[in-house]
2 protein chains.
Amino acid sequence: MLSTQPVSHEAGRQRQGRLWSNLKEVCELLHLPPVSLNTEELLFQHVQFKTGQRIHTIGQPFDMLYVVNSGFVKTVLIDEFGNEQVLAFPMKGDLMGVDGIHSKTYASEAVALSDCDLILLPFKKLTTLGRTHVELENMMYGVMSRELVREQAMIGMLGALSAEARVARFLVTLSDKFSQMGYSSKLFNLRMTRHEIGSYLGLTLETVSRTLSAFNEIGLISVDQRTIGIKDVDALKSLRRLPPSRTRSKLPSRAKAAAAASEATVPLLATL
Amino acid sequence: MLSTQPVSHEAGRQRQGRLWSNLKEVCELLHLPPVSLNTEELLFQHVQFKTGQRIHTIGQPFDMLYVVNSGFVKTVLIDEFGNEQVLAFPMKGDLMGVDGIHSKTYASEAVALSDCDLILLPFKKLTTLGRTHVELENMMYGVMSRELVREQAMIGMLGALSAEARVARFLVTLSDKFSQMGYSSKLFNLRMTRHEIGSYLGLTLETVSRTLSAFNEIGLISVDQRTIGIKDVDALKSLRRLPPSRTRSKLPSRAKAAAAASEATVPLLATL
DNA sequence: CGTAGTTTTGAGAGTCTTCAATTCGAGTGG
DNA sequence: CCACTCGAATTGAAGACTCTCAAAACTACG
């Protein structure tokens, strides 16, 4: 009903029947301090993909970075059995393709989850340009480093959090992202299936579904198919579980706050 | 007993009572095509850390990248409870500190697991230099991208593999790394505790211990405290489990090869 | 030769997965 | 316009894999 992506693309101008953006617009999209350059004439082309279309595949020669201007994408790894492992759900302002730099070949596959509009950043062009424009170069390193930090956080999450905590975090992150994009942070539509969410979080689709239902019953959220309403962000944010391994030996082993959330039989959390 | 790290550092020369390495040596260490530059005079300083010493902490201002020249390190994330989440075990030839570029502050903590020798790469110096030497610049991007791919693989592992498969992979990876470093790939010492391994793999120390014991009983490896002997690399490499989630709908649902490894009650699996 | 940390091993509990059935929703063709 | 079909989502029940708690053996170090 609401929070449908806008059809009009804020960034970009028409030219030769296509959309183009300049560096400044790209920087804004990436939430980076704008590179103050005389690069008004330096334009990057947009490309549109329809739902289900592949943006790039594993092994394909690398030459482009992509920035999502609108729409939703998933990036996946594919193992020797053909099983997908979702790595990320890039959306407006997210960068894709960095994993291709090293081997000059994309290491992951990107698929459009909705019709979307991407900005093409020819990697060669960027690096040559960065050589003369320090700011741009810093931007490049910065964005790559940011990606790395994001993945580190992901590893931390997969390695240490319970199913409930993972789903809660996922929702909070999505909520933030939506608000950041100018949509409602309280009510939004998931663009991915439970299966894809599960893959992303290292869970089965059933567990994802059950957890969402549980959150719903407790009143943390409202769920109707792919429409999610956030009702208690704070509770979601603080949803934790005792760490699975007793780490950091020297700590005053905190009492396992067996916080029974109301009388619900649902074994949810220690709101700390 | 064996495979103790060499006291002498292959790379590096004495000068002012300290060790220094040139760019070529650093590139070799990183397994990168040597940057053919007239940079004989461009030297990078070494630093030594003793077991347990902190190389950098979270939040500390970023200015250096580090390359491990000898010894063993762990990098960790620390959550709000003070719990450690091991991110990696950098060893000879590995790069550290990239996560600090983005926020100009290290995002992780690095601790020496053994006495070790690191090469300091002042980030500013590298980038300025890269501006004039394309090869060096490419190297920078390449190494960062490689790190990203490594972490992606880690995410895939944490999200999809069983405890046994994770431990098996860990051993194989270590074995490869050791052989790459010039040590025996068949017999080596772990430099980290079960607890650290568990944190790294998203398991408890008990599960790690039990899994190693199980591998031992089956004859895949020999275990004596921290000394590991690899006896059947291929079996370790092919150790898998049915994916936890039925992904990729359209596949001829492979029969769950209930391969009972010998008659052991140990539920160890589908050697494919 | 104690003391503390590491590792092993056991037993029980619990979370998450697996298998299965049902409902829901959208797209297609009659 | 409605029946039909297929994928997505929900829910239940049982089972499996790991975790938790606990105790003991071992190692290292002072």
For E151(B), all residues meeting salt bridge (Lys or Arg N to Asp or Glu O under 4.0 Å), sequence neighbours excluded: none

Any pair with a residue in residues 154-163 of chain B that passes salt bridge (charged side-chain N to carboxylate O under 4.0 Å, His left out), sequence neighbours left out, goes on the list, sorted by first then second residue, please. none

Nearest-Å distance, CG (N189(A)) to C1' (dA26(C))? 15 Å

What is the distance, to the nearest angstrom, from the CD1 atom on I197(A) to the C1' atom on dT17(C)? 18 Å

Can you check the L203(A) CG to dT18(D) C1' distance for me, whole Å? 15 Å

In B/S/- notation (B base, S sugar-phosphate only, - none; protein heavy atoms under 4.0 Å), nucleotides 8-14 of chain C written 5' to 3' is BBBB---

Name all residues meeting the side chain to side chain donor-acceptor pair (under 3.5 Å) criterion together with Q53(B); count only those two or more places apart in sequence or in a different chain, and write none if there are none. none

Could you give the CD-to-P distance, from E164(A) to dC19(D), as a whole number of Å? 16 Å

May I have the distance from L201(B) (atom CG) to dC19(D) (atom C1'), rounded to whole angstrom? 15 Å

Using atom NE2 of H195(A) as one end and atom P of dC6(D) as the other, report the distance to the nearest whole Å. 20 Å

Salt bridge (Lys or Arg N to Asp or Glu O under 4.0 Å) partners for R210(A), two or more places apart: none

Find the distance R226(A):CZ to dC24(C):C1' and express it as a whole number of Å. 13 Å

The criterion is salt bridge (Lys or Arg N to Asp or Glu O under 4.0 Å); which residues satisfy it with R194(A), sequence neighbours excluded? none

Nearest-angstrom distance from the residue atom CD1 of I228(B) to P of dT6(C): 17 Å

Can S199(B) and E196(B) be counted as having a side-chain donor-acceptor contact under 3.5 angstrom? no

